[in-house]
Amino acid sequence: MKDVRLRFAPSPTGYLHIGGLRTALYNYLFAKHNNGQFILRIEDTDRTRYVEGAIENLIESLQWAGIEYDEGVFVEEGKIVQRGECGPYIQSERLDIYRKYVDELIEKGDAYYCFCSKERLDKVREEQKIKGLIPKYDGLCRSLSLDEAKERIANGEEYVVRLKLPAKKDIKFKDLVRGDIVINTEDIDDQVLLKSDGYPTYHLAVVVDDHLMGITHIVRGEEWLPSTPKHVYLYEVFGWEKPTYVHLPTVLNKERKKLSKRHGDVSVEDFREKGYLPEGLINYLALVGWSPEDNEEILSMDELIEKFSFERVSKTGGIFDRDKLDWVNEHHIRNYDIDKLTQLAIPYLKEANLIDDKFIEEKYDWIKTLVETVKESISSISEIVDKADIFFNNKVEPEDEEALSVLKQEHVSELLNA
RNA sequence: GGCCCCAUGGUCAAGCGGUUAAGACACCGCCCUUUCACGGCGGUAACCCGGGUUCGAGUCCCGGUGGGGUCACCA
């Protein structure tokens with residue numbers, strides 16, 4: 001059997017999102033479960049949304065989470081590098097490739113030049129809405145002859161290239177978690193494939209790249225389901241073998257809406273700063289939308305890889321539950337290597353001005369004992385500050401029975417006498 | 001609004017024609033503990049509605065309803 005190849009393909013428009021992390025995770029788990037490859041590709045075809053440093057950030061977050069990939073974009077010594085046979089892995093560096101395939105489509109009559117201005121398009125859509133119609137491209141440039149189009153281009157007119165969809169054709173595809181999906185071309189627009197700035201849209205780039213990079217399984221959020229027929233159609237006209245599609249259920253907030261920046265706490269970085277362990281976040285996230293056959297809930301990455309399958313991915317969107325995340329994270333904290341945990345705790349204690357470098361050097365073992373003592377009562381590492389505070393600055397005397405009663409444990413006297 | 005997807009306790013979820021409908025989080029009791037936490041024991045709580053199919057539907061089909069997604073030169 002052919003090796004499976006999967007990819008995570010975020011766009012560098014900000015930080016890695018919790019939903020994005022789960023998508024990356026499921027891709028990774030499936031790839032590793034099948035001893036296949038996992039690739040990181042950067043989809044930066046929208047120049048207006050590009051955020052400086054976003055690529056480095058994305059990679060940093062994936063690395064922190066323990067999601068490793070075999071090919072694609074990496075950061076080495078602070079610089080972005082690419083590794084693999086199918087590069088470049090940054091779409092803005094593949095413009096000539098897309099151009100070639102766009103030309104092929106035009107030649108075959110499966111795409112056409114369109115000169116409609118943004119203003120005209122807006123106006124058309126506005127009028128359609130008023131009439132109660134579905135906003136859709138009216139096809140003005142569809143019938144333009146190639147010669148005429150080329151002449152207008154020669155005259156310096158701006159243009160885009162649109163996909164020429166056949167009328168009233170059912171496009172079918174199979175989704176591993178949703179089964180058979182049929183959508184009629186009547187309900188889809190003649191999608192823009194090449195923008196006027198010469199960059200491809202997602203719809204063209206994703207198909208070309210996934211094919212060229214040998215991607216076997218496309219695993220992404222279900223918001224892509226409605227545009228999948230466009231992609232499927234492109235595979236058909238190019239005569240390429242179609243990948244297997246897997247559309248994942250959405251991760252929702254307590255309002256049952258897609259997680260968004262407005263509600264806060266959606267970037268992986270936020271959770272890292274709050275002191276969640278990567279193992280805890282990953283473990284919990286795996287459980288939103290998937291469950292193992294044995295219903296075990298505390299799982300390491302290796303166990304997740306071993307047990308993961310798309311057959312057990314649910315169709316329903318799941319709410320991101322902070323309480324349960326805390327519970328999962330607590331388990332990982334308790335079982336964590338004490339030295340690693342101490343290392344993670346130190347920055348929080350430092351920031352709270354409870355300890356300094358000198359203190360760390362002189363009393364590392366004391367700090368370790370402290371961490372050991374309080375680790376059972378915290379659900380994220382940042383909470384250690386509150387729990388540890390009482391041991392500092394002579395807030396409590398070893399004789400103070402009443403104060404001690406708050407936290408008396410086997411190590412308490414040891415800590416206080418230090 | 002058109003199209004698409006979805007529907008088991010408050011939440012995550014087992015279930016894939018016959019079960020007293022698991023388990024976990026949260027919540028509420030009790031126990032343990034000089035307190036808290038951890039741990040242990042127990043409890044409250046669910047198959048959206050209506051039609052079919054079937055000897056028998058949470059499970060299959062159809063229709064409603066509800067929720068979500070999508071209708072860009074954004075991904």
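Only heavy atoms go into these numbers, but all of them, side chains included; no hydrogens, no water, no symmetry mates. Please read all numbers here as calculations on a predicted model, not as lab measurements. A note on names: the letters A, B, ... follow the listed sequences, proteins ahead of strands, and every chain is numbered from 1.
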Just checking [X]: base, sugar-phosphate only, or nothing, at a heavy-atom cut-off of under 4.0 Å?
{"X": "A:Arg312", "answer": "sugar-phosphate"}
{"X": "A:Thr45", "answer": "sugar-phosphate"}
{"X": "A:Ser196", "answer": "base"}
{"X": "A:Ser314", "answer": "sugar-phosphate"}

For this session: To the nearest 0.5 angstrom, please state how far the CD atom of A:Gln191 sits from the OG1 atom of A:Thr201.
Result: 5.0 Å

Exercise. Looking only at side chains, do A:Ser300 and A:Glu303 share a donor and an acceptor under 3.5 Å apart?
Worked result: yes

Exercise. Any chance the side chains of A:Ser380 and A:Asn329 put a donor and an acceptor closer than 3.5 Å?
Worked result: no

Atom [atom1] of [X] to atom [atom2] of [N]: distance rounded to whole Å?
{"X": "A:Leu194", "N": "B:A72", "atom1": "CG", "atom2": "C1'", "result": "15 Å"}
{"X": "A:Lys387", "N": "B:C36", "atom1": "NZ", "atom2": "P", "result": "12 Å"}
{"X": "A:Leu325", "N": "B:A13", "atom1": "CG", "atom2": "P", "result": "14 Å"}
{"X": "A:Glu383", "N": "B:A37", "atom1": "CD", "atom2": "P", "result": "13 Å"}
{"X": "A:Arg7", "N": "B:A75", "atom1": "CZ", "atom2": "P", "result": "14 Å"}
{"X": "A:Arg220", "N": "B:C74", "atom1": "CZ", "atom2": "P", "result": "17 Å"}
{"X": "A:Tyr202", "N": "B:A72", "atom1": "OH", "atom2": "C1'", "result": "15 Å"}

Between [N] and [M], how far is it from one [atom1] atom to the other, in whole Å?
{"N": "B:G68", "M": "B:U19", "atom1": "C1'", "answer": "32 Å"}
{"N": "B:U53", "M": "B:G63", "atom1": "C1'", "answer": "15 Å"}
{"N": "B:U20", "M": "B:U54", "atom1": "C1'", "answer": "24 Å"}
{"N": "B:C32", "M": "B:G18", "atom1": "P", "answer": "44 Å"}
{"N": "B:G9", "M": "B:A14", "atom1": "P", "answer": "13 Å"}
{"N": "B:G43", "M": "B:U34", "atom1": "P", "answer": "28 Å"}

For this session: Go through B:G39, B:G1, B:C74 for me and flag the one nearest to the A:Pro135 side chain.
Result: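 The closest nucleotide is B:G1.
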
Exercise. Picking from B:C25, B:G1, B:C74, which would you name as closest to the side chain of A:Asp46?
Worked result: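 Within the option list, the nearest is B:C74.
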
For this session: Go through the steps to decide whether A:Phe30 and A:Val246 satisfy the test side chain to side chain contact (heavy atoms under 4.5 Å, CB included), and finish with yes or no.
Result: CA-CA 11 Å; A:Phe30 184 79; A:Val246 182; over 6 Å; no

Determine, for [X] against [Y], whether the closest basic-nitrogen to carboxylate-oxygen distance falls under 4.0 angstrom.
{"X": "A:Asp122", "Y": "A:Arg125", "result": "yes"}
{"X": "A:Lys131", "Y": "A:Glu127", "result": "no"}
{"X": "A:Glu330", "Y": "A:Arg334", "result": "yes"}
{"X": "A:Glu236", "Y": "A:Lys242", "result": "yes"}

What pairs of nitrogen or oxygen atoms, one from the protein and one from nucleotides 2-11 of chain B, lie under 3.5 Å apart?
from : atom 1 : to       : atom 2 : distance (Å)
B:C5 : O2'    : A:Arg178 : NH1    : 2.4

For this session: Tell me whether the OP1 or OP2 atom of B:U70 has a side-chain N or O from A:Lys258 closer than 4.0 Å.
Result: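 A:Lys258 to B:U70 OP1/OP2: side-chain N or O found under 4.0 Å.
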
Problem set entry | Phosphate OP1/OP2 of B:C12 contacted by A:Arg322 side-chain N/O (<4.0 Å) | no

Exercise. More 5' along RNA chain B: A:Pro249 or A:His331, using each one's nearest nucleotide?
Worked result: A:Pro249

Problem set entry | Closest heavy-atom pair and its distance - A:Val206, A:Gln91 | N-NE2, 4.2 Å

For this session: Start with the C-alpha distance between A:Phe38 and A:Glu68, add both sets of side-chain angles, then the distance that settles side chain to side chain contact (heavy atoms under 4.5 Å, CB included), and finish with yes or no.
Result: CA-CA 8 Å; A:Phe38 184 46; A:Glu68 297 168 336; over 6 Å; no

Problem set entry | Donor-acceptor under 3.5 Å (A:Gln82 side chain, A:Tyr89 main chain) | yes

For this session: Look at the side chain of A:Glu273 and the backbone N and O of A:Asp270, then say whether any donor-acceptor pair between them is shorter than 3.5 Å.
Result: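 Not confirmed, A:Glu273 side chain does not pair with A:Asp270 backbone.
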
Within [range]: residues closer than 4.0 Å to RNA chain B (heavy atoms):
{"range": "residues 288-302 of chain A", "answer": "A:Val288, A:Gly289, A:Ser291, A:Asn295, A:Glu297"}
{"range": "residues 111-129 of chain A", "answer": "A:Cys116, A:Arg125"}
{"range": "residues 137-171 of chain A", "answer": "A:Val160, A:Arg162"}

Seminar exercise, completed: Sorted by chain and number, sequence neighbours left out, ring pair (Phe, Tyr, Trp, His ring centres under 6.0 Å) with A:Tyr50 holds for none

Exercise. Are A:Arg22 and A:Tyr26 in a cation-pi setup, meaning NZ or CZ lies under 6.0 angstrom from the ring centre and within 45 degrees of the ring axis?
Worked result: yes

Exercise. Can A:Arg152 be said to sit on top of A:Tyr159's aromatic six-ring, NZ or CZ under 6.0 Å from centre and within 45° of the ring axis?
Worked result: no

Seminar exercise, completed: RNA chain B in dot-bracket form (Watson-Crick or G-U pairs under 3.5 Å, [ ] crossing, | inter-strand) is ((((((((.[[[..)..(....]]].(((((.......)))))....[[[[[..)....]]]]])))))))....

Problem set entry | Member of A:Phe238, A:Tyr202, A:Trp240, A:Phe173 meeting the ring pair (Phe, Tyr, Trp, His ring centres under 6.0 Å) criterion with A:His231 |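 Looking at A:Phe238, A:Tyr202, A:Trp240, A:Phe173, the match for A:His231 under the ring pair (Phe, Tyr, Trp, His ring centres under 6.0 Å) is A:Tyr202.
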
For this session: For a ring pair (Phe, Tyr, Trp, His ring centres under 6.0 Å) with A:Tyr276, tell me which candidate from A:Tyr336, A:Phe271, A:Tyr284 qualifies.
Result: A:Phe271

For this session: Go through the steps for A:Phe8 and A:Tyr28 under the test ring pair (Phe, Tyr, Trp, His ring centres under 6.0 Å), then give the verdict.
Result: CA-CA 8 Å; A:Phe8 177 54; A:Tyr28 171 77; over 10 Å; no

